[in-house]
J.: 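Sharing a structure below in structure tokens format, with a few things to ask.
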Amino acid sequence: MHGLWKPRVLGAWRLPATGPAILAVNHSHNIDGPMVMGVSPRPTHFLIKKEAFVGPLGSFLTGIGQLKVDRTSADRAAITEALGVLDNGGVLGIFPEGTRGEGDFASLRAGLAYFAVRSGAPIVPVAVLGSAERPGRLIKTLPPLRSRVDVVFGDPFDAGDGSGRRTRRALDEATERIQKQLASHLENARRLTGR
């Protein structure tokens, strides 16, 4: 990432040095996940759509510990693998909106709340800014080479209400809390970076 672009990483020290953690990353461009993997102070295992696991790229993603997920249904194998990462004290990366979009955390899916409440791992919000501002001259689907991309880590927070409940209502309430925290972090990150 540092060879192709100029990432500016802010707040990486906020990611707990040990123990399980969940990175909740906004997603507006294809390079957002690789950028976070490349600048994170700890190895990160992202849930990635199964369609990306084709040919040599699939072998590479599996080799570096990324997790294949079928987004069309509740993928039990992916859920088990993701919880295993957290149970082993690792870092799980999630795009809480489920797919690439505006990257504004406006519509969250329930997966992030489930993993956070089920594992008790803190959520660390991560804003990637600048990756989708303008297309590159050589490769239109990528940001311009050597352009600045900001990666801003936020303060860790707990999604649950402390009761340990895992009911549908508890997950819905956790999703609301998460959405407010992520939106607030994104607003702060934009103000901090001027983007």
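In this text the structure is predicted, and so the values were computed from the model without any measurement.
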J.: Minimum heavy-atom separation for A159 and A174, please, with both atom names.
T.: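 It is O-CB, 3.6 Å.
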
J.: For E81 and V85: C-alpha separation, side-chain torsions, deciding distance, then whether side-chain contact (heavy atoms from CB on, under 4.5 Å) applies.
T.: CA-CA 6 Å; E81 283 185 87; V85 166; 5.8 Å; no

J.: Measuring from atom CG of D32 to atom CG of L129, what distance do you get when rounded to the nearest 0.5 angstrom?
T.: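 CG of L129 is found 9.0 Å from CG of D32.
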
J.: Would you mind reporting whether Q181 and P125 have side-chain heavy atoms less than 4.5 Å apart?
T.: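 Not in contact.
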
J.: Determine yes or no for a side-chain-to-main-chain donor-acceptor pair under 3.5 angstrom, with R177 supplying the side chain and A113 the backbone.
T.: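 Pair absent, no side-chain N/O of R177 close to backbone of A113.
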
J.: Should N26 and V128 be marked as a side-chain contact (heavy atoms from CB on, under 4.5 Å) after you check the CA-CA gap, both sets of side-chain angles, and the distance that decides it?
T.: CA-CA 6 Å; N26 68 324; V128 180; 3.8 Å; yes

J.: Are the side chains of L67 and L92 in contact, using a 4.5 Å heavy-atom criterion?
T.: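 Heavy-atom side-chain distance check passes, below 4.5 Å.
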
J.: Measuring only between side-chain heavy atoms, which start at C-beta, is L112 closer than 4.5 Å to L182?
T.: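 They are in side-chain contact.
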
J.: Write down the atom of V25, the atom of P96, and the distance for their closest heavy-atom approach.
T.: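 Heavy atoms of V25 and P96 come nearest at O-CD, 3.3 Å.
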
J.: In terms of hydrophobic clustering (I, L, V, M, F, W, Y; side-chain heavy atoms under 4.5 Å; direct or indirect links), are F53 and F95 co-clustered?
T.: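 Looking at the clustering, F95 is in the same group as F53.
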
J.: Do T193 and R8 have side chains that get closer than 4.5 Å, going by heavy atoms?
T.: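 They are in side-chain contact.
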
J.: Within this structure, what is the NE2-CG distance for the pair H45 and L86, rounded to the nearest 0.5 Å?
T.: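 H45 NE2 to L86 CG: 9.5 Å, rounded to 0.5 Å.
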
J.: Quick one: does R14's side chain have a donor or acceptor within less than 3.5 Å of a partner on G154's backbone?
T.: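 No; zero donor-acceptor contacts below 3.5 Å.
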
J.: Return the CG to OG1 distance between D75 and T80, rounded to the nearest 0.5 Å.
T.: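 Result: 8.5 Å between the selected atoms.
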
J.: Any side-chain heavy atom of Q66 sitting closer than 4.5 Å to one from M37?
T.: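 Answer yes - side chains close enough.
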
J.: Where is the tightest heavy-atom contact between P122 and P20, given as atom of each residue plus distance?
T.: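 The pair with the smallest heavy-atom distance is CD-O, 3.3 Å.
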
J.: So, taking the atom named CE in M35 and the one named CG in D150, what distance separates them when rounded to the nearest 0.5 Å?
T.: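 Between atom CE of M35 and atom CG of D150 there are 10.0 Å.
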
J.: How far apart are the closest heavy atoms of R195 and R148, and which atoms are they?
T.: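 Here R195 and R148 meet closest at NH2-O, 2.9 Å.
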
J.: Determine whether F157 and I22 fall in the same hydrophobic cluster, where Ile, Leu, Val, Met, Phe, Trp and Tyr are linked whenever their side-chain heavy atoms lie under 4.5 Å apart.
T.: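 In one cluster: yes.
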
J.: Are H185 and V152 side-chain neighbours, meaning at least one heavy-atom pair lies under 4.5 Å?
T.: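 Yes - at least one pair of side-chain heavy atoms lies under 4.5 Å apart.
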
J.: Do L83 and Y114 make a side-chain contact, defined as non-hydrogen atoms from C-beta onward lying under 4.5 Å apart?
T.: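 Yes, side chains in contact.
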
J.: Mind checking the CZ-CD1 spacing from F115 to I79? Nearest 0.5 Å is all I need.
T.: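 Between F115 CZ and I79 CD1, I get 5.5 Å after rounding to 0.5 Å.
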
J.: Quick one: closest heavy-atom pair of A12 and P41, and the distance?
T.: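 The answer is O-CG, 3.6 Å.
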
J.: Kindly compute the distance separating CD (E176) from CG (D172), expressed to the nearest 0.5 Å.
T.: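 With rounding to 0.5 Å, CD (E176) is 7.5 Å from CG (D172).
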
J.: Is there side-chain contact between W13 and F153, with heavy atoms separated by less than 4.5 Å?
T.: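 Not in contact.
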
J.: Does L57 belong to the same Ile/Leu/Val/Met/Phe/Trp/Tyr cluster as L4, with side-chain heavy atoms less than 4.5 Å apart forming each link?
T.: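 Cluster IDs for L57 and L4 match.
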
J.: Is it possible for you to say whether V9 and L192 belong to one hydrophobic cluster, with membership spreading through side-chain heavy-atom contacts below 4.5 Å?
T.: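 Result: no, two separate clusters.
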
J.: Taking all heavy atoms of A24 and all of I123, pick out the closest pair and write down the distance.
T.: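 Reported closest heavy-atom pair: CB-CG2, 3.8 Å.
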
